[in-house]
Amino acid sequence: MNNRLKVLRAERDWSQAHLAQLLSVSRQTINALETGKYDPSLPLAFKIARLFELKIEDIFIDETA
């Protein structure tokens, strides 16, 4: 699953560590999300969407559609 997480984070000038802290996850989790090695759980996807004030589908792109 592709996502816009890295772009959204960069627009705010946040480090991976800062975003991880805001979401209560590890920096490694943020890195894995940004590189497409990990798909977030639904609760984490909602938390990310709320943080960026976007819909989940505006952040995460389903490649199978």
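Note that this is a predicted model, so its numbers are computed, not measured.
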- Task: Decide if atom CG of Asp13 counts as having more than 12 heavy atoms of other residues, nucleotides or ligands within a radius under 6.0 Å.
- Result: no
- Query: Would a distance-only check, ignoring hydrogens and angles, find a side-chain to backbone donor-acceptor pair under 3.5 Å from Lys6 to Glu34?
  - Reply: no
- Query: Within a radius of less than 6.0 Å around CD of Glu11, do more than 12 heavy atoms belonging to other residues, nucleotides or ligands occur?
  - Reply: yes
- May I have the step-by-step check of side chain to side chain contact (heavy atoms under 4.5 Å, CB included) for Trp14 and Ile30, ending in yes or no? CA-CA 12 Å; Trp14 292 347; Ile30 300 301; over 6 Å; no
- Task: Could you grab the distance from atom OG of Ser26 to atom CD of Gln21, nearest 0.5 Å is fine?
- Result: 12.5 Å
- Rounding to 0.5 Å, atoms CG (Leu42) and CD1 (Ile56) come to a distance of 5.5 Å
- Which residue, Asn2, Leu54, Asn3, forms the side-chain contact (heavy atoms from CB on, under 4.5 Å) with Phe60? Asn3
- Item | Polar side-chain atom of Arg4 near backbone of Asp58 as donor-acceptor pair, under 3.5 Å | yes
- Side-chain contact, heavy-atom cut-off 4.5 Å: Leu19 with Val25? no
- Message: Nearest 0.5 Å, please: how far is CZ in Arg12 from CG in Leu22?
- Response: 11.0 Å
- Message: If I take atom CZ from residue Arg27 and atom OG from residue Ser15, how far apart are they, to the nearest 0.5 angstrom?
- Response: 9.5 Å
- Message: Return the CD1 to CE distance between Ile61 and Met1, rounded to the nearest 0.5 Å.
- Response: 9.0 Å
- Query: Can you tell me if CD on Gln28 sees more than 12 non-hydrogen neighbours from other groups inside 6.0 Å?
  - Reply: yes
- Side chain proximity check, Leu44 to Leu33, heavy atoms < 4.5 angstrom: yes
